[in-house]
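All residue numbers in this chain count up from 1 along the given sequence.
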Amino acid sequence: MANYHYMMSAEEVAKELECSKSHAYKIVKRMNKELAAEGYITMAGRIPKAYWAKKMYGYELATN
């Protein structure tokens, strides 16, 4: 698990959604705003993969 990346970049979001990078950055910014409102620390241009899975697909990633 040493090579697992917990964060997802806006570029990865763009590839996942097959949209432009600028639109992906808007989505990431909105998700980061939601996370910050809940008290989480955020990184510009990146979101946690677990949060992405929850918001986009409606499920939680297993944390082993």
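- For the atom pair CG (Asn32) and CE (Met43), the distance works out to 9.5 Å, reported to the nearest 0.5 Å.
- Remark: Arg30 CZ to Lys26 NZ distance equals 11.0 Å, nearest 0.5 Å.
- Under the 4.5 Å side-chain heavy-atom criterion for ILVMFWY residues, no single connected hydrophobic cluster contains both Met7 and Ile41.
- Under the 4.5 Å side-chain heavy-atom criterion for grouping Ile, Leu, Val, Met, Phe, Trp and Tyr, Tyr40 is connected to Val28 within one hydrophobic cluster.
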Is there a side chain to side chain contact (heavy atoms under 4.5 Å, CB included) between Met56 and Glu16 once you walk through the steps? CA-CA 11 Å; Met56 295 304 291; Glu16 183 81 20; over 6 Å; no
Side-chain polar contacts of residues 17-24 - donor-acceptor pairs under 3.5 angstrom, sequence neighbours left out - could you list them?
residue	atom	partner	partner atom	Å
Ser20	OG	Ser22	OG	3.2
Ser20	OG	His23	N	3.2

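- The heavy-atom pair separating Thr42 from Leu35 by the smallest distance is CG2-CB, 3.8 Å.
- The two residues Met8 and Glu12 have their closest heavy-atom pair at CA-OE1, 3.2 Å.
- Closest non-hydrogen pair, Ile47 versus Met31, comes out as CD1-SD, 3.5 Å.
- For the residue pair Gly45 and Tyr25, the shortest heavy atom distance occurs at CA-CE2, 3.9 Å.
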